[in-house]
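Before any comments, here is the structure.
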Amino acid sequence: TFLVGGFIGCSFPLFPRETSHCLLTSTGAREFMESQGIAAVPTTELVTDRARLELEQHREFASTLKHLVAPRSFAPSSSDCDTVGAVAMDANGNLAAATSTGGITAKMPGRVGDSPIIGSGAYADNTVGAVSTTGFGESIMKVCLARRVGELLEKGETAQEAAQHALDFMSRRVGGAAGVIVLSRGGDGGTCQVGHHFITENMAWAAIGGGQLRWGLDPGQENREILADV
């Protein structure tokens, strides 16, 4: 496991594991990045026109929360949040989870969200499953959302049940909105279960396995496609 947070100027979000540390931030993360031969990039290249416009619209953090990560019943028809998450099992049965984010508009300097926090933004255990989350980081961190999904899997819930019940718990206890993707170990045979759930307006998701691609965006939407040569 290796995570980074709280620094800018990097064009590549994940690093080779050449240290025994689990989390690096700020100056130390930048120095480690450079030691790995990953070149820094000007911050101007990491700021898009869309991000500038969004900042003009949401100068206050509270405004950002209301419009971008509100629960579904209060959310607008679209969202510009840009978390990218993945869960996977390799040919040897090893599970992994990864989460990357562009942050949230109008946050305080130095704010670190859930993405680099093990058990909040991502969690993986070869005996249980793998989880990646997206949404309002402060709510996700308060309930350790990814780890909570893992605990429910340990209790015997399916991937889909664990995703739904963990988000229901977060909503009741601390509010906010989020989504999760889940890959569970399954039974003794090692068969994977895939699940996803979200209480935001929408969440782009996709899953591939058994020669089939499934994907969706809106609540209840699921498209399927048979893949050739898989």
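When the side chain to side chain donor-acceptor pair (under 3.5 Å) test is applied to Gln164, no partner is found at least two apart in sequence or on another chain. For Asp49, the side chain to side chain donor-acceptor pair (under 3.5 Å) criterion is met by Arg52, not counting sequence neighbours. Ser132 is linked by a side chain to side chain donor-acceptor pair (under 3.5 Å) to Thr99, counting only residues two or more places apart in sequence or in another chain. Contacts of Asn94 classified as side chain to side chain donor-acceptor pair (under 3.5 Å), with partners at least two apart in sequence or in another chain: Asp90, Asn126. A search for side chain to side chain contact (heavy atoms under 4.5 Å, CB included) contacts involving Ala97 returns Val87, Ala122, Ala124, Ala130, not counting sequence neighbours.
Closest heavy-atom contact between Leu217 and Phe198: O-CZ, 3.6 Å. Considering all non-hydrogen atoms of both residues, Cys192 and Met89 come closest at SG-CE, 3.1 Å. The shortest heavy-atom contact between Leu23 and Pro116 is CD1-O, 3.9 Å. The two residues Ala207 and Val194 make their nearest non-hydrogen contact at CB-CG1, 3.9 Å. The minimum heavy-atom distance linking His196 with Gln160 is given by the pair O-NE2, 2.8 Å. Of all non-hydrogen atoms in Leu153 and Ser184, the two that sit nearest each other are CD2-CB, 3.8 Å.
Looking at heavy atoms from C-beta onward, Arg185 lies out of side-chain contact with Val128 at the 4.5 angstrom threshold. Annotation: side chain of Ile181 is in contact with side chain of Met203 (closest heavy-atom distance under 4.5 Å).
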Sequence neighbours excluded and cut-off under 3.5 Å, please list the side-chain donor-acceptor pairs for residues 165-175, or say none.
unit_1	atom_1	unit_2	atom_2	d
His165	ND1	Glu157	OE1	2.9
His165	ND1	Glu157	OE2	3.1
His165	ND1	Glu161	O	3.4

I'd like a table of donor-acceptor pairs (distance under 3.5 Å, sequence neighbours excluded) in which one partner is a side-chain atom from residues 140-147, with atom names and distances.
unit_1	atom_1	unit_2	atom_2	d
Arg147	NH1	Tyr123	OH	3.1
Arg147	NH2	Glu154	OE1	3.3

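Judged by distance alone, the side chain of Gln193 and the main-chain N or O of Thr158 form no donor-acceptor pair under 3.5 Å.
The structure places OG1 of Thr127 at 9.0 Å from CG of Leu95, a figure rounded to the nearest 0.5 Å.
For the salt bridge (Lys or Arg N to Asp or Glu O under 4.0 Å) condition, the pairs that include at least one residue of residues 204-224, sequence neighbours left out, are Arg214-Glu222, Glu222-Arg224.
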